[in-house]
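What's counted below: heavy atoms across the whole structure, side chains too, no hydrogens, waters or symmetry copies.
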Amino acid sequence: MTVIGLDDTDSRTQGLCTTYLAARIAEAVADAGGQVSRTLLVRLNPAVEHKTRGNAALAIHTDLPAATAAACAADRIDALAVDSDARTSPGLVVADDDPGAVPDAVADFAAHAMCDQLSLATAVDIADAAGYEHRGWAGASDVVGRGRIGALAAVGAWAAFDEWTYEQIAYREFDRCGSPRAVDRDSVFTAADRAYPTVWDTVDREAGQAVCVPNAPGPILYGIRGDDPDAVARVADAIDSETVERTRCFVTNQGTDLHLQARTLDSLHDGVASRVDGVVTEPPETREGGHVFFTLGSPDGDDADNTATDTTADCVAFEPTKRFRDRVRQLRTGDRLTVCGEYSDGTIKLEKFAVRERRRTERVTPTCECCGRRMKSAGRTQGYRCRDCGTTAPGKVTRQLDRELACGWYEVPPCARRHIAKPLVRGGFDAPTHPER
């Protein structure tokens, strides 16, 4: 067997898409007499600085000899990869290994690529030690073949991971790239409704948005994601659109949460997405731009009042997460949570959270039993009194909180979801879920 890995061939501004290049390479492999058993779309750490867009690397599993496969891939990269963007630095790794039996160092590299920041030097050393052929291209920068990091991770992915989903991608005629896409919205919503929840994140129903249709200036017309390859193919076939030039089903780690590491607040570090437990220590606050922040503290297991230790981090629901912010605004000081998201500069960028325990009471200034007005402080350590009626109270009183927010998991809507983030509708969570559609 042979595994072809490639990455970093596209551009944020100039288009293309590494999935398209992989599809073209798979066709070239078939033309050369090889069989393609599967094509992997592997989403890597979404916090990587040098990603072009969705940080996807691709792998093609074939029976073509490694030297022939490398020549096919290099020819397609030479012809199609973006070469005038300083952020783009294509890389190719070709392994003469069975995809499930690569060296441990290669599989471990793939696992670390989900959540860590890896170096080109490390990738080259591991590829050389495994005897893999590899090649880099420079683009407009002086970095040659940085994409070999993702390419090697894609080579090791089949051995490293055991949870996979599917995406059926339809590509438009290549000379139409950059022009508005012609996709019938009603047909997308109808097909999505029929296949949900096996097929997910096709549309955002509340926003009225067909999220399967990208905005980037590349060749993808639409991409349909789900848990069953036949189901995603049926949805793709049911969509009315401009001419589809080619289509391919990718085996992918999208929708799996593989990027999340279980951590504590005092072990967070930049560039890593984590899952961490804590308690709300400062209530939600909407700041300029519509972003909603609150402070999470490390829970003290011996404190029955749901207070926290001194270790804290800000959590933010950014404005593009839309209605997810309303869930965040319903949090209260003392709520115990599990939060998930990338950590950067002291802040966790929320992707989802679970309410574990809700604060059900609060301490408030007492009201006068005679007139119903709120009492005023009678002075330091003197309690409270009603200035009109003369009634007094020794201190604050406990009041029940009417909480609309139930315990369980909450997530950003489909229009704001990261490719690798797991939709709640896929199941397997440790508490009740409140999926967004």
Distance-only check: which donor-acceptor pairs under 3.5 Å involve side-chain atoms of residues 271-280, not counting sequence neighbours?
residue, atom, partner, partner atom, Å
R275, NH2, D430, OD2, 2.8
D277, OD1, T338, OG1, 2.6

Handout entry: Verdict with reasoning, T391 to R385, per side chain to side chain donor-acceptor pair (under 3.5 Å)
Key = CA-CA 5 Å; T391 55; R385 68 182 179 85; over 6 Å; no

Practice task
Would you check, one step at a time, whether the test side chain to side chain donor-acceptor pair (under 3.5 Å) holds for H134 with D128?
Solution key: CA-CA 8 Å; H134 58 86; D128 284 341; 2.8 Å; yes

Practice task
For side chain to side chain donor-acceptor pair (under 3.5 Å), just list the numbers for T19 and Y171, CA-CA rounded to whole Å, side-chain angles, deciding distance to a tenth of an Å, and then say yes or no.
Solution key: CA-CA 10 Å; T19 70; Y171 298 98; 2.8 Å; yes

Problem - side-chain contact (heavy atoms from CB on, under 4.5 Å) evaluation trace for R24 with R246 - result: CA-CA 9 Å; R24 295 291 299 269; R246 52 175 42 84; 3.4 Å; yes

Exercise for the section: Let me see the working for C386 and C371 under side-chain contact (heavy atoms from CB on, under 4.5 Å), right down to the final yes or no. Expected result: CA-CA 9 Å; C386 177; C371 66; 3.7 Å; yes

Exercise for the section: Take S179 and R172, measure what side chain to side chain donor-acceptor pair (under 3.5 Å) needs, and give me the verdict at the end. Expected result: CA-CA 10 Å; S179 65; R172 62 198 314 211; 3.1 Å; yes

Practice task
For the pair I348 and L268, evaluate side-chain contact (heavy atoms from CB on, under 4.5 Å) and give the outcome as yes or no after the intermediate values.
Solution key: CA-CA 9 Å; I348 299 171; L268 296 176; 3.9 Å; yes

Exercise for the section: Decide side-chain contact (heavy atoms from CB on, under 4.5 Å) for Y384 and R374; before the verdict, give the C-alpha distance in whole Å, the side-chain angles of both, and the deciding distance to 0.1 Å. Expected result: CA-CA 9 Å; Y384 295 87; R374 191 175 299 276; over 6 Å; no

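A centroid separation of 6.0 Å or more is found between the aromatic rings of F318 and F324.
The SG atom of C407 lies 12.0 Å from the CZ atom of R336; values are rounded to the nearest 0.5 Å. Of the inter-residue distances, the one linking T392 atom OG1 with M375 atom CE reads 6.5 Å to the nearest 0.5 angstrom. The distance from atom CD of Q254 to atom NE2 of H419, rounded to the nearest 0.5 Å, is 6.5 Å. Rounded to the nearest 0.5 Å, atoms CG (N55) and CG (D8) are 8.5 Å apart. Summarising the geometry, atom CZ belonging to R234 is positioned 13.5 Å from atom CD1 belonging to I239; distances are rounded to the nearest 0.5 Å. Atom-to-atom distance recorded for Y166:OH and T198:OG1 is 12.5 Å, nearest 0.5 angstrom.
For the pair E242 and L221, the minimum side-chain heavy-atom distance is below 4.5 Å. L337 places a side-chain heavy atom less than 4.5 Å from the side chain of F294. The shortest side-chain heavy-atom distance between Y343 and R263 does not fall under the 4.5 Å cut-off. Contact check for W137 versus L92: side-chain heavy atoms found under the 4.5 Å cut-off. Here the side chains of L405 and L331 are in contact, with some heavy-atom distance below 4.5 Å. With a 4.5 Å cut-off on side-chain heavy atoms, C368 and D388 do not count as touching. With contacts defined as side-chain heavy-atom distances shorter than 4.5 Å, the pair L58/F250 qualifies. Side-chain contact check for L152 versus T122: every heavy-atom pair is 4.5 Å or farther apart.
Neither side chain, D98 nor W158, offers a donor N or O lying under 3.5 Å from an acceptor on the other. Under 3.5 Å, the side chains of T202 and Y196 contain no donor-acceptor pair of N or O atoms.
Remark: the backbone N or O of A57 is not paired with any side-chain donor or acceptor of T18 at under 3.5 angstrom. Using modelled atom types, no side-chain atom of Q168 and backbone atom of A236 make a donor-acceptor pair closer than 3.5 Å. With hydrogens and angles ignored, the 3.5 Å screen pairs a side-chain donor or acceptor of S89 with a backbone N or O of G145. K422 contributes a side-chain N or O that, together with a main-chain N or O of G427, makes up a donor-acceptor pair within less than 3.5 Å. Under the 3.5 Å distance criterion, the side-chain polar atoms of R403 are matched with a main-chain donor or acceptor of R359. The main-chain N or O of T295 is never found under 3.5 Å from a side-chain atom of T312 such that the two would form a donor-acceptor pair. A donor-acceptor distance shorter than 3.5 angstrom exists from the side chain of T247 to the backbone of I169, with no hydrogens or angles considered. Checking side-chain atoms of R426 against main-chain N and O of G255 turns up a donor-acceptor pair under 3.5 Å. No side-chain donor-acceptor contact under 3.5 Å links D7 to the backbone of G91. Not a single donor-acceptor pair under 3.5 Å links the side chain of N45 to the backbone N or O of A113.
Cation-pi check for R327 over Y410 is not met; the charged atom does not lie both under 6.0 angstrom from the ring centroid and within 45 degrees of its normal. No cation-pi contact links R148 to Y132, judged by a cut-off of 6.0 Å to the six-membered ring centre and 45° from its axis. Cation-pi contact between R38 and W164: absent, since separation from the ring centre below 6.0 Å together with deviation from the ring axis within 45° is not met.
Evaluation of the salt bridge (Lys or Arg N to Asp or Glu O under 4.0 Å) rule for K352 yields D257 as partners, not counting sequence neighbours. Contacts of D116 classified as salt bridge (Lys or Arg N to Asp or Glu O under 4.0 Å), with partners at least two apart in sequence or in another chain: none.
The shortest heavy-atom contact between L44 and A153 is CD2-CB, 3.9 Å. Smallest separation of non-hydrogen atoms from T281 and T333: O-CG2, 3.8 Å. Between A130 and P103, the shortest heavy-atom contact is CB-CG, 4.2 Å. Pairing each heavy atom of V188 with each of A210, the nearest pair is CG1-CB, 4.0 Å. Contact record, A59 with V155: CB-N, 4.5 Å, taken as the closest heavy-atom pair. Heavy atoms only, all atoms of each residue included: R325 and G290 are closest at NH1-O, 2.8 Å.
Tested against H259 for a side chain to side chain donor-acceptor pair (under 3.5 Å), the candidates R43, E351, R418 yield a single pass: E351.
Between D326 and R329, at least one side-chain nitrogen of the basic residue sits less than 4.0 Å from a carboxylate oxygen of the acidic one, meeting the salt-bridge criterion. Salt-bridge check for R323 with E436: passed, with a basic side-chain N closer than 4.0 Å to an acidic carboxylate O. Under a 4.0 Å N-O distance rule, the pair D204/R417 does not qualify as a salt bridge.
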